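Note that this is a predicted model, so its numbers are computed, not measured.
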Amino acid sequence: MSSKSPDLRVIEATRVAPPQGTIAGHATLPLTFFDVLWVHLPYPFVERLFFYRYPHPTSQFVSSLLPSLKSSLSLTLQKFYPLSGNLRLIPETDDKFEICYIEGDSVSFTVAECNEKFEDFAGYHEREVSRFQNFIPQLLKSDELQPLFAVQVTVFPDAGIAIGITVHHAACDGTSSMQFMHEWAATCRSQTRTSSQGPLIDRNLISDPCNLYNIFHDGMLEIRKAMVAPASSVEPTLAPASSLEPILGTFTLSQEHIQKLKQLVLTDAKERNVSFHCSTIVVAIAYVVVGYFQAKRIDKSTRVSFGLAADYRSRLQPPLPIEYFGNCVGFVMADIYLSDLIRENGVALAAEAIGRDIKRLDDRLKGAENWIELFKSFFAKPSIGTAGSPKFKVYGVDFGWGRPEKVEIISAAKTGSMALAESRDVPGGVEIGLALPKSAMNYFKKYFENGLEQMPV
């Protein structure tokens with residue numbers, strides 16, 4: 001199979017806006033300190049692909065499904081109107097950003113056709129990350145305005161559909177973007193506006209008495225300048241096919257596996273007389289990072305980092321409702337010597353490292369002024385973060401033609417994060433997406449499968 005992303009035939013390149021006259025002519029949302037963290041990242045985009053079975057010709061999709069997809073998107077953008085707007089500097093400032101929506105603003109909506117096999121992309125087998133490139137819509141900056149959301153629908157004739165979305169992370173976090181996707185799908189299914197209240201769009205709900213905005217803005221700008229990759233709104237150039245080209249793999253932990261991992265971790269913790277937060281996500285991440293860093297062939301004396309983004313809505317005082325639209329995530333970052341990870345109880349030690357840091361979240365934003373230093377330390381070491389969450393229920397995004405066959409977070413594969421989701425077919429399970437060069441992927445796959453086989457019954 002070629003590692004080149006397939007050529008597509010563009011059927012339609014248009015734009016979709018909220019229904020005319022349904023939103024105030026001009027609306028602005030200032031970024032909060034949670035939002036500005038993402039502005040200066042070298043690659044601040046979240047790219048998701050939803051693959052669906054659709055065994056019908058392209059002409060049937062265009063005549064039967066496309067109109068409802070576009071009309072339901074328009075209705076959904078009415079509720080989530082910031083996604084139709086643009087990110088910009090507030091006039092006469094050089095570090096204050098806002099989302100600006102003006103009547104008529106819209107999102108890019110592209111329809112294309114691919115004549116390659118649907119099964120080559122929508123599956124659980126290993127695939128080159130570069131093969132997905134042309135299915136992802138771009139967010140190209142122009143005239144100091146940064147678009148925030150774009151859609152591309154790719155039809156595989158008589159086989160399936162891929163819905164690709166790109167979201168600028170400064171607009172919202174995964175909780176908000178997946179609420180959008182569920183709302184869009186529900187509207188499409190019902191062919192009418194849903195009865196849900198929609199998101200809560202009010203950035204004044206987040207106060208900043210400690211001036212975290214300036215700390216985060218200046219700190220992330222400093223980090224970006226120190227990183228090799230330049231800031232860009234254009235897709236990164238992927239390396240040509242070689243043994244180092246990243247391969248995307250998907251691994252599943254069943255509920256039984258997770259319970260066994262928890263039992264192993266808690267038994268080890270009891271023997272060492274330590275306690276920490278031990279959850280499904282903690283043990284899943286711990287199990288993955290032990291194999292991941294070994295697969296990277298890093299010197300055993302190296303200190304490595306791993307972490308996750310945690311929803312802060314319920315942790316603020318007063319708490320925010322889950323419907324709050326924007327970014328509201330804090331960060332858990334742990335580090336440990338690789339020599340400890342490869343010990344017999346390495347998974348337990350990794351779980352302890354991340355579980356202890358999760359306990360810190362109980363202190364709400366205490367110490368948030370130190371997040372930048374934590375980021376610097378994180379990026380300075382071999383590290384891996386996470387994207388997504390099993391709580392997002394990505395396999396529940398049904399537009400009316402069934403659940404997704406496969407969901408991928410392509411941006412996570414590009415940036416070297418592990419992608420987390422609920423398992424599509426294993427109740428209570430966790431699906432983990434990981435991108436590694438072929439030789440490293442082979443090592444990790446062997447570690448992952450052998451470890452599950454050797455778990456006690």
Spell out, as yes or no, whether a donor-acceptor pair under 3.5 Å connects the side chain of [X] to the backbone of [Y].
{"X": "Gln78", "Y": "Ser74", "value": "no"}
{"X": "Asp35", "Y": "Thr32", "value": "yes"}
{"X": "Asp311", "Y": "Val329", "value": "no"}
{"X": "Thr93", "Y": "Ile90", "value": "yes"}
{"X": "Arg48", "Y": "Thr166", "value": "no"}
{"X": "Ser108", "Y": "Arg15", "value": "no"}
{"X": "Ser383", "Y": "Phe378", "value": "yes"}
{"X": "Tyr287", "Y": "Phe448", "value": "yes"}
{"X": "Ser207", "Y": "Pro209", "value": "no"}
{"X": "Arg131", "Y": "Ser5", "value": "no"}

To the nearest 0.5 Å, what is the distance between [atom1] on [X] and [atom2] on [Y]?
{"X": "Asn134", "Y": "Cys114", "atom1": "CG", "atom2": "SG", "value": "9.0 Å"}
{"X": "Ile136", "Y": "Ser411", "atom1": "CD1", "atom2": "OG", "value": "8.0 Å"}
{"X": "Ile11", "Y": "Leu66", "atom1": "CD1", "atom2": "CG", "value": "8.5 Å"}
{"X": "Asp173", "Y": "Ser389", "atom1": "CG", "atom2": "OG", "value": "11.0 Å"}
{"X": "Glu113", "Y": "Thr154", "atom1": "CD", "atom2": "OG1", "value": "10.0 Å"}
{"X": "Ile215", "Y": "Phe33", "atom1": "CD1", "atom2": "CZ", "value": "10.5 Å"}

In the structure I gave you, are the side-chain heavy atoms of Phe135 and Pro6 within less than 4.5 Å of one another anywhere?
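Phe135 vs Pro6: side chains touch.
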Using 30° and 60° as the class limits, which term best fits the ring planes of [X] and [Y]: parallel, tilted or perpendicular?
{"X": "Phe109", "Y": "Trp184", "answer": "perpendicular"}
{"X": "Tyr52", "Y": "Phe399", "answer": "perpendicular"}
{"X": "Tyr312", "Y": "Trp371", "answer": "perpendicular"}
{"X": "Trp38", "Y": "Phe331", "answer": "tilted"}

Would you sort out whether Val407 and Leu49 count as a side chain to side chain contact (heavy atoms under 4.5 Å, CB included), showing the intermediate values?
CA-CA 6 Å; Val407 180; Leu49 275 173; over 6 Å; no
After noting the C-alpha distance and the side-chain angles of Thr250 and Lys406, does the key distance pass the side-chain hydrogen bond (donor to acceptor under 3.5 Å, both in side chains) rule?
CA-CA 10 Å; Thr250 304; Lys406 189 70 170 71; 3.2 Å; yes
So that I can tick it off, tell me whether [Y] and [X] are bridged by a salt bridge, with the cut-off set at under 4.0 angstrom between side-chain N and carboxylate O.
{"X": "Arg424", "Y": "Glu431", "result": "no"}
{"X": "Lys438", "Y": "Glu245", "result": "no"}
{"X": "Lys225", "Y": "Glu222", "result": "no"}
{"X": "Glu47", "Y": "Lys414", "result": "yes"}
{"X": "Lys70", "Y": "Glu12", "result": "yes"}

Who pairs with Ala17 by side chain to side chain contact (heavy atoms under 4.5 Å, CB included), at least two apart in sequence or on another chain?
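Partners of Ala17 under the side chain to side chain contact (heavy atoms under 4.5 Å, CB included) test: Ser106.
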For Pro199, check side chain to side chain contact (heavy atoms under 4.5 Å, CB included) against everything at least two apart and list the hits.
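Side chain to side chain contact (heavy atoms under 4.5 Å, CB included) list for Pro199, sorted by chain: Lys79, Phe80, Ile201, Phe325.
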Less than 6.0 Å separating the ring centroids of Phe45 and His168?
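Between His168 and Phe45, which both carry aromatic rings, the centre distance is below 6.0 Å.
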is_close_aromatic(Phe149, Phe180), centroid dist under 6.0 Å:
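That pair passes the under 6.0 Å test.
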May I ask you to check if Lys117 and Phe156 form a cation-pi contact, with NZ or CZ under 6.0 angstrom from the six-membered ring centre and within 45° of the axis?
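Lys117 over Phe156 ring: no.
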His182 and Phe392: which non-hydrogen atoms are nearest, and at how many Å?
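Nearest pair, atom of His182 first, then Phe392: NE2-O, 2.9 Å.
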Check Asp398 against Gly402 and note the closest heavy-atom contact, atom names and distance.
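Heavy atoms only, the tightest pair is OD1-N, 3.0 Å.
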I'd like to know whether NZ of Lys96 has more than 12 heavy-atom contacts from other residues, nucleotides or ligands below 6.0 angstrom.
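Above 12, so yes.
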For the pair Asn86 and Ile99, evaluate side chain to side chain contact (heavy atoms under 4.5 Å, CB included) and give the outcome as yes or no after the intermediate values.
CA-CA 6 Å; Asn86 293 278; Ile99 295 173; over 6 Å; no
I would like to know whether His56 and Asp158 meet side-chain hydrogen bond (donor to acceptor under 3.5 Å, both in side chains); could you show each step before the answer?
CA-CA 4 Å; His56 305 288; Asp158 302 310; over 6 Å; no
Side chain to side chain contact (heavy atoms under 4.5 Å, CB included) evaluation trace for Phe293 with Val289:
CA-CA 6 Å; Phe293 286 116; Val289 298; 4.0 Å; yes
One pair to check against side chain to side chain contact (heavy atoms under 4.5 Å, CB included): Gln138 and Gln152. What are the steps and the verdict?
CA-CA 9 Å; Gln138 296 187 16; Gln152 178 174 320; over 6 Å; no
